[in-house]
Protein chains: 2
Amino acid sequence: MLEDSPLRRDLHWLAAQLKHGLSMIETEIAQRHGMSLWAYTVLVEVAGGPSRSQLALAAAVPVDKTKLVAILDELEAAGLDGRRPDPRDRRARLVDPTDAGRAALDAATREIRSVEDSLLADLDADRRADFVRTLQHVVTTRLAQAAGTATGPETSC
Amino acid sequence: MLEDSPLRRDLHWLAAQLKHGLSMIETEIAQRHGMSLWAYTVLVEVAGGPSRSQLALAAAVPVDKTKLVAILDELEAAGLDGRRPDPRDRRARLVDPTDAGRAALDAATREIRSVEDSLLADLDADRRADFVRTLQHVVTTRLAQAAGTATGPETSC
DNA sequence: TATTGTTATACTCTATAACTATA
DNA sequence: TATAGTTATAGAGTATAACAATA
């Protein structure tokens, strides 16, 4: 047998637990505001940038364009966003949030940030900043190298 | 709109990226040693403890007992573990690794640890220990509180 | 009657391909 | 001919229920 690693439970297990736990919590929050977590993720992008076509939106999230159709249907049925034809290209449809959509998004975002903040609340400011910075570094710099081109679309929710 | 959070990308997104990236990498490693990542996860438990029934194994991983059947079939077909009847209860079957199973497990584990270690390799020892300790703390202590009973079985792979 | 391992069934997600209307 | 959006189809993965053998 191999001797014990310094990582009691490995990084993969820890990341899976954290992701799964946050998914559960944030799914509940999103649903309380009338959205699935995927719909919340899309609405963040819809409200966070200029009016865009569904294709541009799909590239930004990122999510498959065929899946985006169902998500936008859900948001539209809940009155949280709307589609209108692009006057310059009648094939395309521009997506915009409604006022209710912006309100629901802000409320849900406040709750989600509050939960994520509270997870780190018992760390002092230095350790907390260090932790987040290190996690960002590992994900954006080291992981991209190690995984090569492996990390495509469809990574969350 | 809400003002920017100190988390550029939120914790959920970072955790999802890390988990997804490690899944891709470790799936490739496991398959190079003749296993799926689920089979590797089960084999870790099989080789890491005493001979146990499938039910005890399913509880330990954790994974559903019906799913475990298929995973053990895969391991058995690859010659990495074996099932034998429990002499004290003929309903139950005890699972043990073969010599080839232990060898494949050790080799795969070495590679997986190497990848996980290399992700943190450019951090000095203090920051690295701090990061892992904080992540373990957040997952095992803070997250369990916040998620309540939400984190059931089936959390990884 | 309850439990172990197994098989069968249904359900959810996702991935791919095909279709329409415009360009 | 190519592109934007949509719909339909197929596949993987998971969850639930039912079953045979044994306790």
Side-chain angles (χ1 to χ4, degrees), chain A residues 16 19-20 23-24 27 30-31 35-42 45-46 50-77 81-96 150-157, chain B residues 16 19-20 23-24 26-27 30-31 35-42 45-46 51-77 81-96 150-157:
Chain A
K19 189 247 170 198
H20 184 253
S23 279
M24 296 290 105
T27 293
Q31 284 179 344
M35 295 168 264
S36 67
L37 189 52
W38 266 114
Y40 171 78
T41 304
V42 167
E45 194 61 42
V46 168
S51 299
R52 273 159 296 174
S53 72
Q54 297 183 197
L55 215 62
L57 214 47
V61 170
V63 65
D64 192 85
K65 67 170 183 171
T66 67
K67 191 175 188 172
L68 183 63
V69 173
I71 298 172
L72 292 176
D73 286 347
E74 179 202 326
L75 284 168
E76 208 167 328
D81 78 359
R83 285 180 266 213
R84 61 190 166 90
D86 183 340
R88 308 196 307 183
D89 182 345
R90 279 185 304 174
R91 292 174 303 179
R93 310 178 72 179
L94 301 177
V95 182
D96 292 293
T151 48
E154 291 292 328
T155 54
S156 68
C157 295
Chain B
K19 189 245 170 201
H20 184 252
S23 278
M24 295 291 106
E26 297 180 9
T27 292
Q31 284 179 344
M35 295 168 265
S36 66
L37 190 52
W38 266 114
Y40 171 79
T41 305
V42 168
E45 194 62 40
V46 168
S51 299
R52 272 159 297 173
S53 72
Q54 296 182 199
L55 217 60
L57 214 48
V61 171
V63 64
D64 192 86
K65 66 170 183 169
T66 67
K67 192 176 188 172
L68 182 63
V69 172
I71 298 171
L72 291 177
D73 286 347
E74 178 202 326
L75 284 169
E76 209 167 328
D81 78 0
R83 284 180 267 211
R84 60 189 167 92
D86 184 339
R88 306 197 308 183
D89 182 345
R90 280 186 303 174
R91 291 173 304 179
R93 311 179 72 180
L94 300 177
V95 183
D96 291 293
T151 48
E154 291 293 326
T155 54
S156 68
C157 297

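Keep in mind that what you see is a predicted model, and the values were worked out from it rather than measured. So that the names make sense, note that chain A is the first sequence line, chain B the second, and so on, each numbered from 1.
Per the geometry, NZ belonging to B:Lys65 stands 14 Å off P belonging to D:dA15, to the nearest Å. Rounded to an integer number of Å, the gap from B:Lys67 NZ to C:dG5 C1' is 18 Å. In this structure, the CG atom of B:Leu68 is 15 Å from the C1' atom of D:dA15, given to the nearest Å. The CZ atom of A:Arg52 sits 15 Å away from the P atom of D:dA4 (whole-angstrom rounding). Atom CG in B:Asp64 sits roughly 12 Å away from atom C1' in D:dG13 (whole-Å rounding). When the P atom of D:dA12 is taken as reference, atom CH2 of B:Trp38 falls 18 Å away, rounded to whole Å. B:Glu74 has its CD atom 14 Å from the C1' atom of D:dG13, to the nearest Å. Protein atom NE2 of A:His20 is 12 Å distant from nucleotide atom C1' of D:dT14, rounded to whole Å.
No side-chain heavy atom of B:Arg93 sits under 4.5 Å from any side-chain heavy atom of B:Asp86. A heavy-atom distance below 4.5 Å is found between the side chains of B:Lys67 and B:Trp38. Contact check for A:Asp73 versus A:Arg83: side-chain heavy atoms found under the 4.5 Å cut-off.
Against DNA chain C, the stretch residues 83-94 of chain A makes heavy-atom approaches under 4.0 Å through A:Asp89, A:Arg90, A:Arg91.
Across C:dT4, C:dT14, C:dT7, the shortest atom-to-atom separation from the side chain of B:Val69 is found for C:dT7. Distance from the side chain of A:Gln54 is smallest for D:dG5 among the nucleotides C:dT4, D:dG5, D:dT14.
A pairwise comparison of heavy atoms in B:Ala60 and B:Arg52 identifies CB-NH1, 3.9 Å as the closest pair. B:Gln54 and B:Val95 make their closest contact through CG-CG2, 4.0 Å (heavy atoms, listed as atom of the first residue, atom of the second, distance).
Rounding to the nearest 0.5 angstrom, the gap separating the OG atom in A:Ser53 from the NZ atom in A:Lys65 is 11.0 Å.
The residue A:Thr66 sits close to a base: some heavy atom pair falls under 4.0 Å.
A distance-only check finds a donor-acceptor pair linking the side chain of B:Glu74 to the backbone of B:Ser36 [under 3.5 Å].
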